[in-house]
Participant: 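Dumping the structure here so I can ask a few things about it.
Numbering of ligands and ligand atoms starts at 1, following listing order. Small disclaimer: the values here were computed from a predicted structure and weren't measured.
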Amino acid sequence: MTQGKPTSIRPIRLTNTLSGKKELLETREPGRLTMYSCGPTVYGLIHIGNLRAALVSDMVFRYFKRVGYDVTYVRNYTDVDDKIIKRANEEKIPSEEVARKYIQEVEKDYAVSGMLEPTYKTTVTDHIPEIIALIERILSNGKGYAVDGEVFFSIESFPGYGKLSHKPIEDLVAGMRVDVREKKRNPLDFSLWKPAKPGEPSWDSPWGKGRPGWHIECSAMSSKWLGDQIDVHHGGEDLVFPHHENEIAQSEAASGKAPFVRYWLHHAFINMAKEKMSKSLGNIITAREFLTKYSGELARFLFLSIHYRSPIEFGDEALEQALVSLHRLYEAKARAWELAKTGRARADLRAEGAWGSFLASCEKTRQEIDECYANDFNTAGALGAVFSLIREFNRVLQEPLAAATPAAALGAQQLISVIEEELGSVMGVGRLEPSKALADIERVRAEKLAAATGGTRISEAEILAGIQARADARKAKDFARADEIRKELEARGVLIKDGPAGTTWQFK
Ligand SMILES: [Zn+2]
């Protein structure tokens, strides 16, 4: 295939973890783009960090499509994993059922968040033959070895190991847990295939019954749907090592072609402003909780208003700021909406004065937004440009005789179009009917205020999560932890009572 970018597609620069630099995007085939994103492991509801991951992928996908690429986008679900098996044993149901159930739940959260459908959504269990075939290719190329039904990748056979994490092998080894039942030749060697254990899902393979290691799934699924070499691969920064480093090793060792991925995109985490995310009450915020309490629109706005490579300090301040900004956006849209209806816009009109320069600003803003997106997906910059346009709009409205003229209607239409097209098509915000969006924001703010003044009003979802966490702790015979959770709930005004029908709760 020839390299290059067709001149008709806007040049895009993106930060590539592989080089550590911002680079100009050049896809393998002009006009076509292949993209893979590592999705969640489905053993429970996803948290807001997973939601940010999916939103970043969705935003990047939308933007590539918008500038004119023919994009093939694969997003996976990890449906075989230790955590899923553990949950299955706890719930006494097969692990397939756990995975199926939580894929459905995640899909609901994605739908509420307005996520576009990827070209392919894949699961590990649907790709076992491809995974086995890939491991066989790795073995036949002398890059792996089998011991007692387990297959390992040999990192010493792959000289490029460490190129994504930019660390010498010795440093990577230093961070490894040393396993006493060592069958590996090198501590960094990793499992491609694990032998079956009783009570775990397993498949027949040339090495006996077993299941795939974690990393091999993404190599197998991306090569099946996108080919041996792809353009863009996205994931959280925690996946750089070992997951993505291992994906590179597996894919390049199997195909003999490099690079497996041209551009590696990694997004940063969400930090809790005051507390560390922990499994106890309200610390881990599930996407479900966020979307129920707030909205998909606020999730998109909050998690995409900060550049994908910067961490988000999540907390009341960040929420409040997002609510204020979103309110300002929809208030302007509501005003523009009214003005556009009353003033009878005329496209042939040559607006002069304040509206004339406002129309020029609309054009300038579109260009600024376009430049922001094309510069490593600078969504924060794009929003900044829209808000300065909104400030100008509000200023013009203050002028005498500004409203209810054809020029005003034209300006109003242009503002709506900048919001809906420029923000809506890439970030997926700003497209709601303004009165509905404003009512929603008011509801959230009223509830937040009531919670702040009421002091003890924690949400029902938080209470139920607490009761569940306590039940889990008791089941694990961690009675100290169970008691701690009961006290935490009590401190927040919730009394719980264990009865024959289970645990009930009431406010103090
Ligand atoms: Zn992956």
Participant: Counting backbone and side-chain atoms alike, is an N, O or S atom of H215 positioned under 2.8 Å from the Zn ion (ligand 1)?
Facilitator: no
Participant: Under 3.5 Å, is there a donor-acceptor pair between the side chain of R262 and the main chain of E26?
Facilitator: yes
Participant: Below 2.8 Å, can you find an N, O or S atom of E247 next to the Zn ion (ligand 1)?
Facilitator: yes
Participant: Are N76 and T122 close enough that a side-chain donor and a side-chain acceptor fall under 3.5 Å?
Facilitator: no
Participant: So that I can tick it off, tell me whether K167 and E245 are bridged by a salt bridge, with the cut-off set at under 4.0 angstrom between side-chain N and carboxylate O.
Facilitator: no
Participant: Give, for atom CZ of R474 and atom CZ of R481, the distance between the pair rounded to the nearest 0.5 Å.
Facilitator: 13.5 Å
Participant: Closest to the Zn ion (ligand 1), which N/O/S atom of H243 is it?
Facilitator: NE2
Participant: Measuring to the Zn ion (ligand 1), does H244 have an N/O/S atom at a distance below 2.8 Å?
Facilitator: no
